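Before any comments, here is the structure.
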Amino acid sequence: MVRDRNLLQVQEHEQPILWKVKFSPGNSSQLSNQCRNSVQGKLLITDELGYICERKDLLVNGCCDVHVPSTKLFSCESCLPNGCCSIYEYCVSCCLQPSKQHLLERFLNRAAIAFQNLFMAVEDHFELCLAKCRTSSQSVQHENTYRDPIAKYCYGEYPPELLPV
């Protein structure tokens with residue numbers, strides 16, 4: 001059985017995942033005047049174009065208002081060089097940078113079978129960044145303690161550094 005989606009192709013469960021990622025700016029399936037966004041942020045929102053803004057600066061079409069001075073594009077504020085961030089919305093915005101494309105492709109090509117169900121649902125760059133930045137089992141140790149309690153949202157290839165207790 002072959003399941004073909006916009007960005008990835010998965011063969012039978014016994015075979016490795018064959019990822020076909022096509023990154024391009026705004027490669028959304030949505031209409032060009034509408035934006036999907038990170039939704040859940042109480043104060044901050046990241047739209048699928050990579051803009052991060054305050055919730056109050058979100059337009060009715062779901063996009064950040066780019067004319068507001070505090071709106072930033074591809075911002076990595078709160079993020080460490082390893083790709084782990086302390087704020088989810090900055091993680092998503094930083095992950096959406098075109099320069100992160102190679103890193104994400106490498107991750108997808110090496111994705112463990114354990115991540116197969118999660119990443120089978122991903123259809124584009126934005127959804128991949130949303131999924132990568134969510135807190136995952138890679139961010140915790142002993143199932144109940146963050147490896148790095150501050151920078152726990154990661155888009156990078158590796159889990160956060162294990163901080164001494």
Side-chain angles (χ1 to χ4, degrees), residues 5-8 19-111 115 117-140 145-161 163:
R5 309 267 316 223
N6 290 343
L7 298 180
L8 44 100
W19 300 96
K20 288 188 177 180
V21 181
K22 291 182 173 69
F23 291 98
S24 62
N27 64 351
S28 155
S29 58
Q30 305 295 316
L31 297 173
S32 60
N33 62 349
Q34 297 288 313
C35 290
R36 295 170 295 166
N37 60 59
S38 57
V39 180
Q40 74 268 17
K42 184 177 180 182
L43 302 175
L44 296 172
I45 294 286
T46 301
D47 69 23
E48 67 184 305
L49 301 175
Y51 288 98
I52 184 168
C53 61
E54 294 179 31
R55 180 173 275 286
K56 67 180 179 60
D57 298 325
L58 193 66
L59 301 173
V60 293
N61 65 358
C63 302
C64 287
D65 185 347
V66 298
H67 303 294
V68 173
S70 60
T71 296
K72 298 173 186 141
L73 177 62
F74 303 133
S75 180
C76 295
E77 263 181 56
S78 93
C79 299
L80 301 173
N82 68 354
C84 292
C85 313
S86 59
I87 299 172
Y88 175 73
E89 289 77 16
Y90 281 106
C91 179
V92 175
S93 181
C94 192
C95 175
L96 285 169
Q97 287 182 348
S99 64
K100 304 295 189 251
Q101 176 177 332
H102 185 65
L103 175 123
L104 294 169
E105 287 172 339
R106 268 197 331 261
F107 166 77
L108 288 175
N109 287 329
R110 294 193 313 224
F115 294 116
N117 289 338
L118 172 62
F119 294 107
M120 273 177 55
V122 168
E123 292 188 3
D124 61 19
H125 190 177
F126 180 65
E127 289 182 9
L128 176 59
C129 289
L130 289 175
K132 279 288 289 168
C133 289
R134 284 191 184 97
T135 304
S136 73
S137 59
Q138 283 190 304
S139 295
V140 295
T145 308
Y146 286 111
R147 294 174 63 92
D148 182 337
I150 296 170
K152 55 190 173 191
Y153 306 105
C154 302
Y155 63 83
E157 294 177 90
Y158 306 105
E161 294 287 325
L163 296 181

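Just so you know, these numbers use all the heavy atoms, side chains as well, and skip hydrogens, waters and symmetry mates. Values in this document were obtained by computation on a predicted structure and should not be read as measured data.
- Put simply, the side chain of E127 reaches to within 4.5 Å of the side chain of R36, judged on heavy atoms.
- Contact annotation: the side chain of K72 approaches that of E77 to within less than 4.5 Å [non-hydrogen atoms, C-beta and beyond].
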Worked verdict on Y88 versus S38 for side chain to side chain contact (heavy atoms under 4.5 Å, CB included): CA-CA 9 Å; Y88 175 73; S38 57; 4.1 Å; yes
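- Contact record, Q40 with R55: C-NH2, 4.0 Å, taken as the closest heavy-atom pair.
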Output a table of donor-acceptor pairs, distance under 3.5 Å, between side-chain atoms of residues 92-99 and any protein atom two or more places apart or on a different chain; print 'none' if there are none.
from	atom 1	to	atom 2	distance (Å)
S93	OG	G50	O	2.7
S93	OG	F74	N	3.3
S93	OG	S75	N	2.9
Q97	OE1	S99	OG	3.2
Q97	OE1	K100	NZ	2.9
Q97	NE2	F74	O	3.0

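- Residues A151 and L80 share a closest heavy-atom pair of CB-CD1, 3.7 Å.
- The shortest heavy-atom contact between L104 and Y155 is CD2-O, 4.1 Å.
- Annotation: side chain of I52 is not in contact with side chain of I45 (no heavy-atom distance under 4.5 Å).
- In this model, C84 has its SG atom within less than 2.5 Å of the SG atom of C154.
- For the pairing with C85, the disulfide (SG to SG under 2.5 Å) check across C91, C79, C133 returns one residue only, C79.
- Considering all non-hydrogen atoms of both residues, E89 and T46 come closest at O-OG1, 2.7 Å.
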Could you pull out all donor-acceptor pairs under 3.5 Å where a side-chain atom in residues 59-69 meets a protein atom, sequence neighbours excluded?
from	atom 1	to	atom 2	distance (Å)
N61	OD1	C63	N	3.0
N61	ND2	N33	O	2.9
D65	OD1	H67	N	2.9

